[in-house]
A.B. asks: 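One structure coming up, written as structure tokens, with questions to follow.
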Amino acid sequence: MRVRFAPSPTGYLHIGNARTAVVNHITAKKSGADFIIRVEDTDKERSTVESEISILDDLRWLGIEWNEGPDKDKGHGPYRQSERDEIYREYTKRLLLTGHAFTCFCSNEQVEEDKKQAMTENRPFLDRCRNLTLTEQEELSFHGEYPVKFKVPVDETIEFDDKIKGHVVFNSSNIGGDFIIVRSDGGPVYNYIVSIDDALMEITHVIRGEDHLSNTPKQILIAKALGLPFPEYAHLPLILGSDKKKLSKRHGITSVDLYRQEGYLPEALMNYLGLLGWSTESGEEILEFDQLVSLFDISSIGKSAAVFDFQKLKWMNGSYIKKYSLSEITDMFIPYLDKAGLEIKSLSREKLENIISITRNSCEILSDIIKPAGIFLNEINIPDEEADKLLKEDYSRDIINTASGIIPVLNDETVLTGLIPGIKENTEHKGKKLFHPIRAMITGTLSGPDLDIAIPVIGYNNLKKRIDYCKQKYC
RNA sequence: GUCCCCGUCGUCUAGGGGUCUAGGACACCGGGUUUUCAUCUCGGCAGCAGGGGUUCGAAUCCCCUCGGGGAUGCCA
């Protein structure tokens, strides 16, 4: 068994494509199949090497490995379609010679008109060039470059058993007429060479997005005309945005790279993407990769499109963050702390882990660490909007004044037992009205770890600075 | 227009004629823990697109409608 993932390098790795890659990867692991990467860079205008590099990089980050690809030739290469031109040329010649393809000399307008005509008469569109003889074609081709089209057989039934969609039946008359396989600039087209490459690379199972479902009959027809085998198919339902339209940038982050940057864990993304469209018998959703592989069954994937739930992904990511050991997760947080400009180099590992241990629970993604960690790492935390509002209240000012009075007589040892009880004793406040302003005053925000835990970690000196700051600003 | 695919809580899904007064998860709401928030924990809200059949019985089978998606000449 051999499966493949065939990205076209025209941009970043989209989350929808990543899902396809993930399903291929899981399937390969499950059945011990080879996983091939083929770069479909036939769109010369939009394909870039940078894009190819970043896509492969994102796949690696996700934890996807391949046995063959542009960087690993195992005898089925080249793995970039742009490097396989000679192969395609041979097959095109063969199709032309056997009468399965022809050169079309019609103008755009002509074709458009003929199609419209066929449509209104409710009959299949037949290209007016499809019956030109080879010599007629050769004579005409002196006038310039023209596209080559595949001669779609009339009224032929094409059917296949899709692993996900089930039995699918098409009639060749509904394909939309003879279609272009080689552009007028000589470049072969996706629907054409995908059949050749899948056959030559001995792909046995094509797992791809549902948007290719209605392309499948064309590809089968081509394989048949060429006498090539064609694979089994599994068409994955599409991933939609919250408005049920195809997932795009306006719905949120769609680039795998950005998920990485924001601090999503590859295991979580893999888990979420792998679980999309099906579920386990037990209902368990947090699945390690090994579980994913052993429990996965491609035919159990649902047939309908799924809305991408950013919130659920976050939740899932958060639960992965909680699963790691303190030491492991600390290492993962460090780059985000660094990037935010927080001073951690001078910190002992013990102190850093201490801070992480009391802040990690509020993190769903790695970059979430910045705010809570800042409570400990900054000298002063400028109160955010909510904290600012609260601190302007009279009772808050009362607390700031009181704190300011007490703090000079305290020190690192006594601050924990002295500060809050002291404020409580010297003011009328208790409960929420006591703790809320204190929290706002010393952390600059309304949420965070327990104050009793936070205070010793912040330390006497910074506490004093923060109280002084609030005294100046609010009293 | 034509052809193909799809339609269970807001979202992801379980369920394939009776065990469904439709189960789980995310989100949301409420209780408990935490002297706030978060974590954790307990509970609640909420759905079979609509209409016809078939059947003793339909979320489950059939048909129609509606809705969404895809393909239909130089994207993949």
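Letters A, B, ... are given to chains in the order of the sequence lines, protein chains preceding strands, and every chain is numbered from 1.
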A.B. asks: Remember a base hit wins even if backbone is also touched, and classify A:Asn108 as base, sugar-phosphate or nothing at under 4.0 Å, heavy atoms.
C.D. replies: base
A.B. asks: Rounded to whole Å, please give me the gap between OH in A:Tyr320 and C1' in B:A25.
C.D. replies: 14 Å
A.B. asks: Need one value for A:His235: base, sugar-phosphate or nothing, where a base atom within 4.0 Å counts as base even if backbone is also close, heavy atoms only.
C.D. replies: nothing
A.B. asks: When you check the phosphate oxygens OP1 and OP2 of B:G68, does a side-chain N or O of A:Lys246 lie under 4.0 Å from one of them?
C.D. replies: no
A.B. asks: Distance-only, no hydrogens or angles: does the A:Ser54 side chain make a donor-acceptor pair with backbone N or O of A:Tyr12 under 3.5 Å?
C.D. replies: no
A.B. asks: Could you check whether A:Lys165 pairs with A:Glu210 (Lys NZ or Arg NE/NH1/NH2 to Asp/Glu carboxylate O, under 4.0 Å)?
C.D. replies: yes
A.B. asks: Under 4.0 Å, counting only non-hydrogen atoms across every strand here, what does A:Glu285 touch: a base, just sugar-phosphate, or nothing?
C.D. replies: base
A.B. asks: Categorize A:Ser362 for me: base, sugar-phosphate, or nothing, with a 4.0 angstrom heavy-atom threshold over every strand shown.
C.D. replies: sugar-phosphate
A.B. asks: Rounded to the nearest Å, what distance is computed from the CG atom of residue A:Asp127 to the C1' atom of nucleotide B:U72?
C.D. replies: 14 Å
A.B. asks: Mind checking the C1' distance from B:A71 to B:U13? Whole angstroms is fine.
C.D. replies: 29 Å
A.B. asks: Where the side chain of A:Ser279 is defined as all heavy atoms beyond and including C-beta, which of B:A76, B:C6, B:U13 is the nearest nucleotide?
C.D. replies: B:U13
A.B. asks: Think A:Arg360 has a side-chain N or O under 4.0 angstrom from the OP1 or OP2 of B:A38?
C.D. replies: no
A.B. asks: Which is true for A:Leu238 with a 4.0 Å heavy-atom rule: it touches a base, it touches only sugar-phosphate, or it touches nothing?
C.D. replies: sugar-phosphate
A.B. asks: Tell me what A:Gly277 touches on the nucleic acid: a base, only sugar-phosphate, or nothing, going by heavy atoms under 4.0 Å.
C.D. replies: sugar-phosphate
A.B. asks: Any luck finding a side-chain donor-acceptor pair between A:Tyr190 and A:His212 under 3.5 Å?
C.D. replies: yes
A.B. asks: Would you check if A:Asp178 and A:Phe150 make a side-chain contact, meaning some heavy-atom pair closer than 4.5 Å?
C.D. replies: no
A.B. asks: Has A:Asn378 got a side-chain atom pairing as donor or acceptor with A:Gly374's backbone, closer than 3.5 angstrom?
C.D. replies: yes
A.B. asks: Atom NZ of A:Lys245 to atom C1' of B:C6: distance rounded to whole Å?
C.D. replies: 14 Å
A.B. asks: Look at all strands and tell whether A:Ser304 reaches a base, only sugar-phosphate, or nothing, counting heavy atoms closer than 4.0 Å.
C.D. replies: sugar-phosphate
A.B. asks: How would you label the contact of A:Pro237 with the nucleic acid (heavy atoms, under 4.0 Å): base, sugar-phosphate, or nothing?
C.D. replies: nothing
A.B. asks: Under 4.0 Å between a side-chain N/O of A:Arg19 and OP1 or OP2 of B:C12, yes or no?
C.D. replies: no
A.B. asks: Under 4.0 Å, counting only non-hydrogen atoms across every strand here, what does A:Asp43 touch: a base, just sugar-phosphate, or nothing?
C.D. replies: sugar-phosphate
A.B. asks: What does A:Val182 touch in the nucleic acid at a heavy-atom separation under 4.0 angstrom: a base, only the sugar-phosphate, or nothing?
C.D. replies: nothing
A.B. asks: Roughly how far apart, to the nearest Å, are B:G10 and B:C6 at atom P?
C.D. replies: 23 Å
A.B. asks: Select base, sugar-phosphate, or nothing to describe what A:Leu213 touches, counting heavy atoms under 4.0 Å on all strands.
C.D. replies: sugar-phosphate
